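Below: one structure, written as structure tokens.
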Amino acid sequence: MKSVTDVNAVNRLLAYSKQSEVTMHQKAIQILLGGGNNKNRDSIFISDTARSFSKKSIAALIDKSANVSANELSYYFANYNNPSAILAAINFGENVSCGYNPDFKDYGVICFDYNGSSQVVPNYAVPKINANSLPGIRAVNNSLVLNNKSYYSWTTSSGSRYAWTVKNGRIGYAASESLLSEKTGQKGTNYKWEMQKASNILTHLARGIDLWGYSRDEVLSTCEKVGITPGFFSIDAGAGKHTYILQESGKVINVNAEIKRLNKMNWIAIGYKEGDTFSVYGNEYAIDSSGHLNISIDDIFTSTEIKYPSRN
């Protein structure tokens, strides 16, 4: 396999038949991934053999149809021995996409923007993440707090663990892993569909977006999976703290939105009077002279009900 690390040898190999090229690429990929043996590695790794590849050899292995320039490889070359930086650019960068022929995905590149410049990393040179070494996504006392731009693991119903990321309220399968995973439908064997639903539900909650389109059973199941039980719960994943009420039925009430609605309303204009008192989630709030309530999302609530005063 030494010839694979020599750029001239690689270029000669590229001139062979397509079948020879496929065989060569597959061997190179196996070396890059360390033969798939990652049991004793850190959470982020690339094989020692892969690090010994010359940069020109790596570039030569990219499918010519990708039309990659030397400038587009500058970030990869500058961080050639820094897998964490490469993963961060892909998983937490902007305009991340994967360009490849589905039949030959290993020969393409993952693209992303860096400092206003389009950059690429060869698909098969993207470091792998060991999901088994990452912390799980778990709420504590019905409070789910996830560090922004961080890695977590997600366990599917089959018991398999996958690397997930958190970025500005987006919670889901790491781009560096998902972009190169096998495509599958709703009945796929890699549980991609199952993860997609859970990812969307958690992301909607983390960003304060309505859960329209998801059944109450799906919402209840996802919340239960991360340790959220019926009652008040909150989630903060880099897009601000959002507070909700989860009912036994799976219905979710957006407390932030409800408090905003109550504070915005001019209650005197619709028949109430100054001093009328509302009981909001266990606390009492009186209408002020302007006709408004002044409820803080940071108040401590002890009830899931809102009680309105009677109107004359």
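In this text, all values refer to a predicted model and were calculated from it rather than measured experimentally.
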For residues Asp288 and Asn294, is any side-chain donor paired with an opposing acceptor at under 3.5 Å? yes

Under 3.5 Å: donor-acceptor pair, side chain of Glu194, backbone of Ser157: yes

Taking every heavy atom of Gly208 against every heavy atom of Tyr244, the minimum-distance pair comes out as CA-OH, 3.3 Å

Between Phe278 and Tyr285 (judged by ring centroids, cut-off 6.0 Å), do the two rings come close enough to count as a pair? no

Backbone N or O of Gly93 within a donor-acceptor pair of the Lys167 side chain at under 3.5 Å? yes

Over all heavy atoms of both residues, which pair between Lys192 and Ser178 is shortest? Give the atoms and the distance, please. NZ-O, 3.9 Å

Starting at NE2 of His204, measure out to NE2 of His242 and round the result to the nearest 0.5 Å. 12.5 Å

Looking at Trp267, I'd like to know if the NZ or CZ of Lys273 sits under 6.0 Å from its six-membered ring centre while staying within 45 degrees of the ring's axis. no

Option passing side chain to side chain contact (heavy atoms under 4.5 Å, CB included) with Val255 (candidates Ile295, Val280, Ile245): Ile245

Short side-chain to backbone donor-acceptor contact, Asn256 and Thr243, under 3.5 Å: yes

Without hydrogens or angle criteria, can the side chains of Asn91 and Ser176 be said to hold a donor-acceptor pair below 3.5 Å? yes

Any side-chain donor near an acceptor of the partner, Thr229 and Asn142, under 3.5 Å: yes

Same apolar cluster: Ile129 and Val96, side chain cutoff 4.5 Å: yes

For the CD atom of Glu274 and the CG atom of Asp276, what is their distance to the nearest 0.5 Å? 9.5 Å

Indicate whether the side chain of Asn141 and that of Ser143 have a donor and an acceptor atom separated by less than 3.5 Å. no

Indicate yes or no for a side-chain donor-acceptor contact from Ser221 to the backbone of Asp217 under 3.5 Å, with no hydrogens or angles considered. no

Can you tell me if Asp299 and Asn283 form a side-chain donor-acceptor pair at under 3.5 Å? no

Answer yes or no: is there a donor N or O on one side and an acceptor on the other, between the side chain of Glu94 and the main chain of Tyr114, under 3.5 Å? no

Could you tell me whether Lys241 atom NZ has more than 12 heavy atoms of other residues or ligands within 6.0 Å of it? no

Give a yes or no on whether Ile300 atom CD1 has more than 12 heavy-atom contacts from other residues, nucleotides or ligands under 6.0 Å away. no

Name the residue from Leu146, Val145, Leu205 that meets the side chain to side chain contact (heavy atoms under 4.5 Å, CB included) definition with Ile235. Leu205

Separation between CG of Asn95 and OG of Ser118, rounded to the nearest 0.5 Å: 9.0 Å

Are Ile86 and Phe77 connected in a single hydrophobic cluster, I mean Ile/Leu/Val/Met/Phe/Trp/Tyr linked by side-chain heavy atoms less than 4.5 Å apart? yes

Close side-chain approach of Asn263 and His292, heavy atoms under 4.5 Å: no

ILVMFWY network linking Val252 to Ile259, side-chain heavy atoms under 4.5 angstrom: no

Flag, side chain of Lys197 to backbone of Val219, donor-acceptor distance under 3.5 Å: no

Counting only N and O atoms by type, is there a donor-acceptor contact under 3.5 Å from the side chain of Asp113 to the main-chain atoms of Gly116? no

What about Tyr152 and Tyr162, are their ring centers closer than 6.0 Å? no

Just by modelled atom types, is the Tyr75 backbone N or O under 3.5 Å from a matching donor or acceptor in the Gln119 side chain? yes

Between Ser133 and Asn130, which heavy-atom pair has the shortest distance, and what is it? OG-O, 2.8 Å

Is the backbone of Ile110 close enough, under 3.5 Å, to the side chain of Asn123 for a donor and an acceptor to pair up by distance? yes

Using side-chain contact (heavy atoms from CB on, under 4.5 Å), reason through Tyr214 and Thr222 one step at a time and then give a plain yes or no. CA-CA 11 Å; Tyr214 293 95; Thr222 298; over 6 Å; no

Roughly how far, to the nearest 0.5 Å, is the NZ atom of Lys260 from the NZ atom of Lys264? 7.0 Å

Given the side-chain rings of Tyr272 and Tyr308, with only the six-membered ring counted for Trp, is the space between their centroids under 6.0 Å? no

To the nearest 0.5 Å, what is the distance between CD1 (Ile201) and CD (Glu218)? 5.5 Å

Would you say Tyr76 and Phe92 are hydrophobically clustered, going by side-chain heavy atoms of ILVMFWY under 4.5 Å? yes

Rounded to the nearest 0.5 Å, how far does CG of Leu202 lie from CD1 of Ile137? 6.5 Å

Is it true that Ser74 and Glu72 share a donor-acceptor pair across their side chains at a distance under 3.5 Å? no

Student check: side-chain heavy atoms of Lys225 and Trp154 closer than 4.5 Å: yes

What heavy-atom pair brings Ala286 and Thr277 nearest, and what distance separates the two atoms? CB-OG1, 4.1 Å

For a side-chain contact (heavy atoms from CB on, under 4.5 Å) check, start with the C-alpha distance between Cys98 and Leu180, then their side-chain angles and the critical distance, and finish with the verdict. CA-CA 8 Å; Cys98 189; Leu180 299 179; 3.7 Å; yes

Student check: side-chain heavy atoms of Met195 and Trp193 closer than 4.5 Å: no

Donor-acceptor check, side chain of Asn147 to backbone of Ser150, threshold 3.5 angstrom: yes or no? no

Transitive ILVMFWY side-chain link Met265 to Ile297, under 4.5 Å: yes

Strictly by modelled atom types, are Asn254 and Glu258 linked by a side-chain donor-acceptor pair under 3.5 Å? no

Using the ring of each side chain (for Trp, its six-membered ring), is Phe232 parallel, tilted or perpendicular to Tyr281, with breaks at 30° and 60°? perpendicular

When you check the gap from the basic side-chain N to the acidic O, do Arg216 and Glu248 get nearer than 4.0 Å? no

For Ala131 and Ser153, the nearest pair of non-hydrogen atoms, with its separation, is O-CB, 3.4 Å

Worked verdict on Ile306 versus Ser279 for side-chain contact (heavy atoms from CB on, under 4.5 Å): CA-CA 6 Å; Ile306 298 177; Ser279 177; over 6 Å; no

Which heavy atom of Gly282 sits nearest to which heavy atom of Ser303, and what is that distance? N-CB, 3.6 Å

Polar contact flag, side-chain donor to acceptor under 3.5 angstrom, Arg170-Thr203: no

